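Values in this document were obtained by computation on a predicted structure and should not be read as measured data. Numbering starts at 1 and runs along the sequence shown.
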Amino acid sequence: MSSTSPVDQINPSGTPTQPSGKMTCGACAATNPTGGQFCAGCGHALQEPCVQCSKPVLLTQSFCGNCGSDLVASLSKRKQNLETKIADAINAAKERDFEKSKGLLAVVTREKDYRFKDVIAHAKTAQQKIDRIAEQECGSAADRIAAAQQAYEAGDSARVVELLDRLSPKLMTPEAQQQLQRSRLLIEQLDDAEKSLQEAFQKRDWTTSGAILDRLLELKPEDQTVANLARKVGKKLVAKATTLHQNHKSTAAAEILQCVPMIARNQAYVDLNQTVERIGWLASQFKGEPFATPTLGRLSKHWSEQSGGDPRAVKMLDRLSQQVKAARSTPRDLFAPLDAKPRSWVGGPLGILATPTSIDLDDNAAFRASAGQFNAAIGLALQGLGLGRFQEDFSPKKGLLKRLGRKKAERCWGLDIGASGIKAVCLERIGEQRPRLVECHKLSFDTPLTRSTAESTLDESLRTTIESFLEQHEVESTPVWVSFPARELVSRFVKLPPVADKQVNALFEKEVESRIPLPLDEVACVRWIAPLPDDELTAIGRPAFVSAAKKQFVDRYLEDLSLAGLTVSGLQATPIALMNFATFEFADLLELHPADGRDAEAKLPTVALFDCGAEMTIAFLISGASCWFWSFESGGNEFTRLISRSTKTTHSDAEKLKRNPASLEHPETQFERVEQRIDEMRGRLSKLVNDQCEQHDEFDIQQTWCCGGGALTHGWIKRILCDI
């Protein structure tokens, strides 16, 4: 006869049953009908799914009747997991992470299974203890945090650390944690500074001591002991700097003065520091300067006076006195080089294009007084004489006066109308000789004309100045070519294939239509296409450009000139006038000789020209068969405005100060913004030129020149063009 366990029998539905057909509740021992889910006596579950096969099993079973899984082992594992949570909760409480601790214990206490009764009781006991500890700890932490807040506001870092250092981060607010971190850091910095100060005192290193004391005062601003020490050390440093200054060691004196604590910087310090900074600035103005200019001469004289006869200043003054009178590197140059012939990062030797060699100047005093500023006017007159590379202009192509003005002229006026005034030259052409400068005149506007100037003011200033010019010069029988500013111009450059004129013109018209951002019937245009190259130069193609200006502007501009009594024979944009001048002036250099061994891959001899006018700066790359230019609004008037702001003077007075920075009261600060702006221009011009040279590898820059009144601003050539 075989024996069976009460739980070994299973009814047809798969639910385990006892032999009697009844199920006994393990929680209360009550008997329940077969198939029930919960005890009718206590409501406790009677069954649960097997962890292995998910079939229902009685809570009192040892093994699953369906898959044979060890239910006792599974129950033991569940119990172990709950006990682990209790242990983790106790550890979290020790670390003062009471929220985590409560969360873990809540998982255990939510259990209803009678088989975990002892574990649940353990969890509830632990919860009660932890709640008491949390209440005590959090209350104490709140008191400490409040006290630390008061200590922090009072600047007592040591007390903050004392109150919060042993407090668990879990009990601290984010603000309290930041206060503790900052207080610890402050204490460390104070300890390091005090230790370093003691070492510096032992070595009698007052410069280091001054810097450390300044830091200590920042950390402990109310400490009178540190403040008194800082004043004493500052006095020693000022005395030492004074001695260095008297011995013409301004750089060393400036370094010493930088270490004087702020609290010791009295009026004596301020006066000495300003003097030393001024001398330091003056002494630094000569390194890298390419030319011996009168401005440098005045600066060296001022340096000598301010420094009390520094031997370096005296030597520089003597050197400049000789170089100012020395021979120029080339007849075109305005000044003699300060050292060797300067070179430009753009390419080739660098010069100030002041005295054209292609024009017979006849030693004109007015021209030489403003050398380098009449180049655009010369370019206008050259085109009027038929000597320019570019034949088209922006004036209307109809009318009797236009036809008369285009007759071959032997004499022509060029009027360069800029933002600051008018530069006018009259050239005469006699046979095959060089054009001769007949007259030269410069008139200034009362106030510079800028983009922000009202149209009515601009028109009135222009008419008044033209009328003044006409009162002094008889021009009725002479063609007059006039410029307009580059800011009114839109230009696009293309490289066309080396095909015949008819084909290339058709291609170019399509380029013009696609590249000019205005309807063509609303603009006046100047077009240029390079001549068809020789066979060995076909790789160069046919470079071309188109420049456009709104007809509305052109008509109004010509009307203003007409109202002033001026009959205009030709109207040209300033950049194109300058290119006319440059191609005429450098014709020999730009000429390409295939017999020199150049092949189709050869580069074109090129001249780089930079014109810095009153309001615009224009960069040019000009070769015998191609050209490029770009303009942007930044020039000499901007430098004047910066000085006007820094010196709080009128534009007129600031213009004088700009031309003679030695007369500035504090050039080290008042000229600083000009230097910064020039450096910004250097970055912009560098990118423009380098990008073009990458795109047009035919340019082989042989020489670099600059012109315009803005280029004569102290430091402009050195900072923008010199290869330093």
Side-chain angles (χ1 to χ4, degrees), residues 245 247-251 254 275-344 349-355 365 368-373 610 612 636 639 643 655-672 674-675 678-679 682 704-724:
H245 164 58
N247 291 330
H248 308 303
K249 298 179 180 179
S250 57
T251 301
T275 300
V276 168
E277 284 186 351
R278 188 178 310 117
I279 293 172
W281 183 85
L282 290 167
S284 68
Q285 296 308 296
F286 305 91
K287 184 178 180 180
E289 276 291 341
F291 300 107
T293 66
T295 298
L296 285 181
R298 289 189 288 268
L299 286 170
S300 63
K301 182 179 179 182
H302 194 51
W303 177 21
S304 179
E305 293 170 351
Q306 289 287 308
S307 63
D310 187 330
R312 294 174 302 161
V314 174
K315 183 178 179 180
M316 179 58 69
L317 180 58
D318 290 341
R319 179 180 168 197
L320 281 165
S321 299
Q322 296 175 9
Q323 285 300 109
V324 165
K325 302 173 185 177
R328 280 51 176 160
S329 298
T330 72
R332 295 186 176 102
D333 276 296
L334 179 60
F335 302 117
L338 187 56
D339 292 308
K341 174 64 176 177
R343 298 188 65 83
S344 171
L350 171 64
I352 304 175
L353 184 49
T355 311
R368 296 188 182 281
S370 300
Q373 299 179 44
F610 296 86
C612 183
F639 307 146
I643 290 178
E655 182 70 21
K656 297 175 183 176
L657 292 170
K658 179 186 75 174
R659 298 181 183 281
N660 182 22
S663 61
L664 289 167
E665 185 176 1
H666 301 292
E668 68 280 3
T669 56
Q670 294 169 335
F671 205 71
E672 183 178 13
V674 174
E675 294 172 330
I678 291 174
D679 289 341
R682 162 71 178 257
T704 299
W705 295 88
C706 61
C707 59
L712 299 181
T713 301
H714 173 63
W716 192 94
I717 300 174
K718 175 180 76 172
R719 291 176 177 271
I720 288 185
L721 295 178
C722 281
D723 186 11
I724 55 175

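Checking side-chain atoms of Lys656 against main-chain N and O of Ser663 turns up no donor-acceptor pair under 3.5 Å. Although no hydrogens or angles enter the test, the distance criterion places no donor-acceptor pair under 3.5 Å between the side chain of Gln670 and the main chain of Ile643. Under the 3.5 Å distance criterion, the side-chain polar atoms of Asn247 are left unmatched by any main-chain donor or acceptor of Lys249. Between the side chain of Arg278 and the main chain of Glu668, no donor-acceptor pair closer than 3.5 Å is present. The backbone N or O of His302 sits nowhere less than 3.5 Å from a side-chain atom of Gln306 that would complete a donor-acceptor pair. At least one donor-acceptor pair closer than 3.5 Å links the side chain of Ser300 to the backbone N or O of Gly297. Judged by distance alone, the side chain of Lys301 and the main-chain N or O of Ala313 form no donor-acceptor pair under 3.5 Å.
The aromatic rings of Trp281 and Phe671 lie perpendicular to each other, with more than 60° between the two planes, well past the 30° mark.
Between the side chains of Asp333 and Thr330, at least one donor N or O lies within less than 3.5 Å of an accepting N or O.
Of all the heavy atoms in Gly636 and Cys612, the pair that sits closest is N-SG, 4.2 Å. When all heavy atoms of Ile678 and His714 are compared, the closest pair comes out as CD1-O, 4.1 Å. The nearest pair of heavy atoms linking Cys706 to Trp716 is CB-CZ3, 4.0 Å. The two residues Gly372 and Cys707 come nearest to each other via the heavy atoms O-CB, 3.4 Å. Considering all non-hydrogen atoms of both residues, Lys718 and Ser284 come closest at NZ-O, 4.3 Å.
With sequence neighbours left out, Thr295 forms a side chain to side chain donor-acceptor pair (under 3.5 Å) with Arg298. Evaluation of the side chain to side chain contact (heavy atoms under 4.5 Å, CB included) rule for Arg659 yields Glu655 as partners, not counting sequence neighbours. Ser370 pairs by the side chain to side chain contact (heavy atoms under 4.5 Å, CB included) definition with Gln373, Phe374, Lys442, not counting sequence neighbours.
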Next on the checklist: side-chain contact (heavy atoms from CB on, under 4.5 Å) for Trp705 and Ile352? Distances and angles first, verdict last.
Outcome noted: CA-CA 6 Å; Trp705 295 88; Ile352 304 175; 5.7 Å; no

